[in-house]
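To start, the structure under review is shown below, and the notes come after it.
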Amino acid sequence: MIINHKSTQFNIDESFIEAFKSDISEIQELMAEYRCALMEIETKFRVLNEQFSLQRDRNPIETLKTRLKSPESIMEKLRKKDLEFSAENVEKKIFDVAGVRVICPFIDDIYMLCECLLNQDDIKLIRMKDYIKNPKQNGYRSLHLIVEVPIFLQNEKKPMKVEVQLRTIAMDFWASVEHQLRYKKNLPEQVLEEMSFELRECANISSSLDYRMEVIKNRLDL
Ligand code: 0O2
């Protein structure tokens, strides 16, 4: 079966579809739990934003976005890992089913929010990847966290994994545009090389912009 998802086309094995159908109610329940985890993390960031804006008279969060991974992307990710589709595998092997993206004006805001989140006693850090200090080869920058947050169900407290991506407005601009360009397929090798070079250059320019803005902010003691 072929599933169209935006501009991507996946060939998904029939057995995956069968497994998906047989696990459907468990999956629906799990997705509802991920939605609850997203609400928990979103609220934590909104509270921090509120408190900081009272203290400093500016918002450390420009935009807050949440998303649940689509069933097609989850299936594709499991297939790449050579794992069968089951609620158990989704929960144990896929760490970014629930995702929160926090877009900040300044780099300092990113590390301040990260520290505040990780200091909360119900948050457990599972993994951190700092693509700001160590950008990806293509120029991608962001701070990635996988955290566990408890959700409180009727008779149970359940830890749920959430991926948090923190980035500046400039990093987000670069990542969003690069994401769109990446889907342009079948380009000649030379064009691809030139494009990668240009994208790396743009990432460097936007990074130096971030640092210059930071200097202005610090001068104003904001
Ligand atoms: P989507 O639609 O955003 O969810 P893992 O998730 O652990 O299996 P990995 O590669 O270790 O895989 O995760 P990592 O490096 O923490 O980054 C995964 C996510 O970061 C991606 O999710 C993107 O959102 C973002 N990302 C990472 N590298 C790039 C990049 O080069 N360009 C852009 N634009 N985004 C990037 P998904 O699942 O790809 O997509």
Side-chain angles (χ1 to χ4, degrees), residues 3-10 12 16 27 30-31 34-35 37-38 41-42 45 62-86 88-104 107 110-111 113-114 117-118 123-149 160-185 187 192-207 210:
I3 293 179
N4 279 310
H5 176 58
K6 290 185 190 151
S7 55
T8 324
Q9 212 180 47
F10 304 122
I12 293 187
F16 256 75
I27 293 286
L30 186 59
M31 295 310 263
Y34 279 117
R35 271 195 294 279
L38 281 179
I41 297 289
E42 185 179 2
F45 280 117
E62 181 73 20
T63 317
L64 196 56
K65 297 177 188 169
T66 59
R67 72 107 184 82
L68 267 190
K69 219 172 181 62
S70 67
E72 300 95 80
S73 313
I74 295 174
M75 279 187 190
E76 180 62 9
K77 205 156 186 175
L78 282 173
R79 201 184 53 77
K80 278 191 190 149
K81 290 176 186 265
D82 225 3
L83 292 166
E84 65 179 41
F85 191 89
S86 67
E88 194 187 348
N89 276 345
V90 173
E91 210 172 345
K92 293 207 171 125
K93 308 288 182 185
I94 311 278
F95 291 180
D96 65 342
V97 175
V100 177
R101 188 168 288 159
V102 186
I103 301 166
C104 307
I107 296 174
I110 293 177
Y111 290 105
L113 289 167
C114 170
L117 179 74
L118 298 182
I123 290 285
K124 182 174 165 196
L125 177 66
I126 305 294
R127 185 177 85 188
M128 177 172 341
K129 286 191 195 168
D130 191 340
Y131 293 125
I132 300 173
K133 293 206 169 84
N134 304 297
K136 281 179 72 170
Q137 228 249 320
N138 62 358
Y140 177 79
R141 288 166 170 82
S142 282
L143 179 66
H144 289 192
L145 312 173
I146 304 290
V147 296
E148 230 169 47
V149 63
M160 301 296 299
K161 288 192 183 61
V162 176
E163 182 191 58
V164 182
Q165 295 183 350
L166 298 116
R167 48 172 79 152
T168 61
I169 301 166
M171 291 171 197
D172 188 56
F173 162 71
W174 184 94
S176 308
V177 176
E178 188 265 356
H179 186 74
Q180 289 180 29
L181 296 175
R182 211 156 9 119
Y183 284 107
K184 219 57 200 116
K185 294 271 159 61
L187 293 171
L192 278 175
E193 266 176 38
E194 284 167 10
M195 198 175 94
S196 302
F197 177 81
E198 276 301 315
L199 280 168
R200 256 196 318 274
E201 283 291 292
C202 290
N204 290 337
I205 294 168
S206 85
S207 166
D210 267 337

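Side-chain atoms are counted along with the backbone in the values below, which use heavy atoms only and exclude waters and symmetry mates. The shown structure was predicted, so the numbers you read here are calculated from the model rather than taken from an experiment. Just follow the structure's listing: the first ligand is 1, and inside any ligand the first atom is 1. Throughout, residue positions are numbered sequentially from 1 according to the sequence presented.
- Between Met31 and Leu68 the shortest side-chain heavy-atom distance falls below 4.5 Å.
- Lys136 meets the side chain to side chain donor-acceptor pair (under 3.5 Å) test with no other residue; sequence neighbours excluded.
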Give one line per pair: atom of ligand 1, protein atom, distance. Only N/O to N/O under 3.5 Å.
residue: ligand 1; atom: 4 (O); partner: Arg67; partner atom: NH2; Å: 2.7
residue: ligand 1; atom: 4 (O); partner: Lys69; partner atom: NZ; Å: 3.3
residue: ligand 1; atom: 6 (O); partner: Lys77; partner atom: NZ; Å: 2.7
residue: ligand 1; atom: 7 (O); partner: Arg127; partner atom: NH1; Å: 3.4
residue: ligand 1; atom: 7 (O); partner: Arg127; partner atom: NH2; Å: 3.0
residue: ligand 1; atom: 8 (O); partner: Lys77; partner atom: NZ; Å: 3.2
residue: ligand 1; atom: 11 (O); partner: Lys129; partner atom: NZ; Å: 2.3
residue: ligand 1; atom: 15 (O); partner: Lys129; partner atom: NZ; Å: 3.4
residue: ligand 1; atom: 15 (O); partner: Tyr131; partner atom: OH; Å: 2.6
residue: ligand 1; atom: 16 (O); partner: His144; partner atom: ND1; Å: 2.8
residue: ligand 1; atom: 20 (O); partner: Gln165; partner atom: NE2; Å: 3.1
residue: ligand 1; atom: 24 (O); partner: Gln165; partner atom: NE2; Å: 3.1
residue: ligand 1; atom: 28 (N); partner: Lys136; partner atom: NZ; Å: 2.8
residue: ligand 1; atom: 31 (O); partner: Asn138; partner atom: ND2; Å: 2.8
residue: ligand 1; atom: 32 (N); partner: Glu178; partner atom: OE1; Å: 2.8
residue: ligand 1; atom: 32 (N); partner: Arg182; partner atom: NH2; Å: 3.4
residue: ligand 1; atom: 34 (N); partner: Ala175; partner atom: O; Å: 3.0
residue: ligand 1; atom: 34 (N); partner: Glu178; partner atom: OE1; Å: 2.9
residue: ligand 1; atom: 34 (N); partner: Arg182; partner atom: NH2; Å: 3.4
residue: ligand 1; atom: 38 (O); partner: Lys69; partner atom: NZ; Å: 3.1

With side-chain hydrogen bond (donor to acceptor under 3.5 Å, both in side chains) as the criterion, how do Tyr140 and Arg167 come out once you've worked through the C-alpha distance, each side chain's angles and the decisive distance to 0.1 Å? CA-CA 10 Å; Tyr140 177 79; Arg167 48 172 79 152; 2.9 Å; yes
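- When the side chain to side chain contact (heavy atoms under 4.5 Å, CB included) test is applied to Glu198, no partner is found at least two apart in sequence or on another chain.
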Check residues 94-101 and write down every donor-acceptor pair under 3.5 Å in which the side-chain atom is one partner and the other belongs to a residue at least two apart or another chain.
residue: Asp96; atom: OD1; partner: Lys77; partner atom: NZ; Å: 3.2
residue: Asp96; atom: OD2; partner: Lys69; partner atom: NZ; Å: 3.2
residue: Asp96; atom: OD2; partner: Lys77; partner atom: NZ; Å: 3.0
residue: Arg101; atom: NE; partner: Gln165; partner atom: OE1; Å: 2.9
residue: Arg101; atom: NH2; partner: Gln165; partner atom: OE1; Å: 2.9

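- Phe173 places none of its side-chain heavy atoms less than 4.5 Å from the side chain of Glu178.
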